[in-house]
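Here is the structure we will look at.
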Number of protein chains: 2
Amino acid sequence: MLKRLSKYIKKLNIKKKTTIKDIANVLNISPAAVSKALHDDSRISEKTKRAVKQVAKNLNYQPNHLASALRKGKSHLVGVIVPRTNSNFFSSVIQNIEEELDKEGYNIIITQSNESYKKECRNIDTLLFTQVDGIIASMANETIDLDYYEKIKSKGIPLILFDRGENDLNVDYIGINDYESSHLIVDHLVQQGCKRIAHIGGYKHTRIFNNRIRGYIDALKKHNLPIEDELLIESNLTTEDGRKKMTQLLALKNRPDAVYAAGDYAALGAQQVLNEQDIKMPHDIALVGFGNEPFTAMVTPSITSINQHSTEIGKQAAKTFLEHAKKTTIKQQLNKIILDAELIVRDSSNLKHI
Amino acid sequence: MLKRLSKYIKKLNIKKKTTIKDIANVLNISPAAVSKALHDDSRISEKTKRAVKQVAKNLNYQPNHLASALRKGKSHLVGVIVPRTNSNFFSSVIQNIEEELDKEGYNIIITQSNESYKKECRNIDTLLFTQVDGIIASMANETIDLDYYEKIKSKGIPLILFDRGENDLNVDYIGINDYESSHLIVDHLVQQGCKRIAHIGGYKHTRIFNNRIRGYIDALKKHNLPIEDELLIESNLTTEDGRKKMTQLLALKNRPDAVYAAGDYAALGAQQVLNEQDIKMPHDIALVGFGNEPFTAMVTPSITSINQHSTEIGKQAAKTFLEHAKKTTIKQQLNKIILDAELIVRDSSNLKHI
DNA sequence: TATTAATGCTTAAACGTTTAATCAATTTTT
DNA sequence: AAAAATTGATTAAACGTTTAAGCATTAATA
């Protein structure tokens, strides 16, 4: 055996990669036996298994993932679609998805839509083409037409949505309680003595932003505060647009005494305008964001925000996929996991600490 | 032909996916002809090509990527290894790599080392296992032993390093001129009247940080300023450690009048301490960071920093890989692309604007 | 008109695994 | 001691594509 082995090692310097066949040749057994031995099949003797594993190590055998994926019809790849990776929320979700899936031998392919519907469609095509075993996604702002997501479902590929996309398709969803979050925020602002609370909201057609708007309105009603059209603005929630919408609010004859932005980046834009015009937070106007991006704690004043539990969302999304992967029967159905959000009060809305 | 087609469409509702064979059967030609037609082989008639493409569309044919990858020995997947994705620098590099590779039909698999050597090794194994066609990486802080990277090279897989890892392996590298950057910073601080410039540097064993340290020392010499050991500190450059090292510097009998941190997060930590102790920037102590993370423009005072050209680095890394991919001969050799860095002066070091 | 070249396709093997079906040898059960 | 069950392997096909080699048929050249 030793002679055969060294003969093969010599050949390897010329030849390409070690295959299951090489191991079989060394040991004078069939490739099938080798495959089974490597997978600890019960019908292979312990002796053979040990021998196979030893030779595999000596020859520096690396299984050909493509071949096994082709044969088994599973790529062990999971696609992830996010609007962008450079927000802390998404990068943290991704990190946790990866950690959880890694344990089970899955890899992830990350794609970014940059909030563009067209890019998102291209991403879906790419992932389907790459033969992923599942897709975990958060939708772009622009996305209204859901045909492309239906395409995933129709191929029988498990689809899990998080953050954006609740209810819109009949698939698993993980997110926080947006409606309740708005209540937390408005309750807090009212407690601080605010009476004219403005909301720079996201696009109404996106369910989570709609929920935040509904929560905002219902919470105002709860406190017997009037709902005024001029205080409720729709935005794409970028820093740039946050600046624009804040300027718009300051132009009102009757200015608000609090601004609740549905995203931290928009809140940042609003803050910049307030700072530039020397309007004091929270005294003149209280400010609240959404998402608890790290910078909210860094800026002056620090911005009150909602913690979206990115860690938990990532882990749950991964686990949900793994459950699908284990089952053979594919029955997609709406299965919501809604996490409680948490209000992080900071200087921008906290009168007591000033 | 129409009958055959509809017959097949019916079968498809029961059967799995459309393959090249299905198309061949419909048209009564060989699978080989179909494959060639789909790839616009010159030996196939236009008529056949048109027919094949039409049927492919009708049957909703999606090529099986795994099968072609197996046959061709190329996965069209590129692995990316970064310390983390939630810094703006890395997420921007990644985004640009992706965009550039997407044009040529490549996908990327992103992995994070979290600055851990062990995790990095696992990532490399994973990527090799997934049969990536190349790896683009920036090394973890911890990484000193380069055996694992040698493993990539020895398998003949193109390896491209960026930011971290210059010169350490004999492969392509894309980065900025760190040595020169330190000169830019020191020159600027001296111009502001600073005489005792401290440096919170990264680990010396990492070449880029070593270069920044060398640049710092040489620039001090150039300006005839003394080099003092107590002003040169090694750090892991996290926000937390930035706080610690700043506190350490403030405890000196002879405090510095400027602090240059080799990373923005460390600069942020330093700034927090200065703000808390009511030490004015830049008047009492001027502060400079490195990396131009977006938050440097958001905090008060905004922090002067070095723009690392993440966009350009990402694009160049991708292009470098693509060049490798086109060549058949694999000759890895050191081929450095060094971009000029740019100093962004902000309030934390700009006396004139105060 | 015979010879060569170009065109348009087919055949069959290959990529590296996995797995259903089978078989021989051994062990257990009647 | 014959029948049945278990053990430990083998054989061969399959996953879906690509491609080198080959083979007619038609077109171009001498």
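The chains referred to below are lettered A, B, ... by the order of the sequence lines, with proteins before strands, and numbering in each begins at 1.
- Among the nucleotides dT11(C), dT17(D), dA9(D), the one closest to any side-chain atom of I44(A) is dA9(D).
- Residue order along DNA chain C, read from the 5' end via each residue's closest nucleotide, puts E46(B) first among A67(B) and E46(B).
- Of the candidates dG8(C), dT10(C), dA9(D), the closest approach to any side-chain atom of I29(B) belongs to dT10(C).
- Look at CD on Q131(A): it is 11 Å from C1' on dC15(D), rounded to the nearest Å.
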Item checked: Protein-to-nucleotide contact annotation, 5' to 3' order, nucleotides 19-24 of chain D [B base; S sugar-phosphate only; - none; under 4.0 Å, heavy atom] -> BBB---

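- Atom CG in N28(B) sits about 11 Å away from atom P in dT11(C), given to the nearest Å.
- Taking atom CG of L38(A) as the reference point, atom P of dG8(D) lies 17 Å away to the nearest angstrom.
- In this model, the phosphate group of dG16(D) is not approached by any side-chain N or O of T19(B) to a distance below 4.0 Å at OP1 or OP2.
- Going from atom NE2 of H39(B) over to atom C1' of dT17(D) covers 9 Å, rounded to whole Å.
- Judged purely by atom type and a 3.5 angstrom limit, S91(A) has no side-chain atom pairing as donor or acceptor with the backbone of T85(B).
- Going from atom CG of D22(B) over to atom C1' of dC15(D) covers 13 Å, rounded to whole Å.
- As rounded to whole Å, 8 Å separates atom C1' of dT18(D) from atom CD1 of I20(B).
- In this structure, K118(B) places its NZ atom where only 12 or fewer heavy-atom neighbours from other residues, nucleotides or ligands lie under 6.0 Å away.
- Separating the NZ atom of K21(A) from the P atom of dG16(C) is a distance of 9 Å, rounded to the nearest angstrom.
- Interatomic distance, NZ of K153(A) versus CG of L159(A), reported as 8.0 Å (0.5 Å rounding).
- Between S45(B) and dC9(C) there is a side-chain N or O to OP1 or OP2 distance below 4.0 Å.
- Below 30°, between 30° and 60°, or above 60°: for H65(B) and F129(A) the angle between ring planes is between 30° and 60°, a tilted geometry.
- When atom types are taken as modelled, the side chain of D22(B) and the backbone of T19(B) share a donor-acceptor pair closer than 3.5 angstrom.
- The main-chain N or O of S116(B) is never found under 3.5 Å from a side-chain atom of N114(B) such that the two would form a donor-acceptor pair.
- Considering all non-hydrogen atoms of both residues, F162(A) and Y173(A) come closest at C-CE1, 4.0 Å.
- Separating the CG atom of N64(A) from the P atom of dT17(D) is a distance of 17 Å, rounded to the nearest angstrom.
- A sub-4.0 Å separation between OP1 or OP2 of dT10(D) and a side-chain N or O of S30(A) is present.
- In this model, the phosphate group of dG8(D) is not approached by any side-chain N or O of T48(A) to a distance below 4.0 Å at OP1 or OP2.
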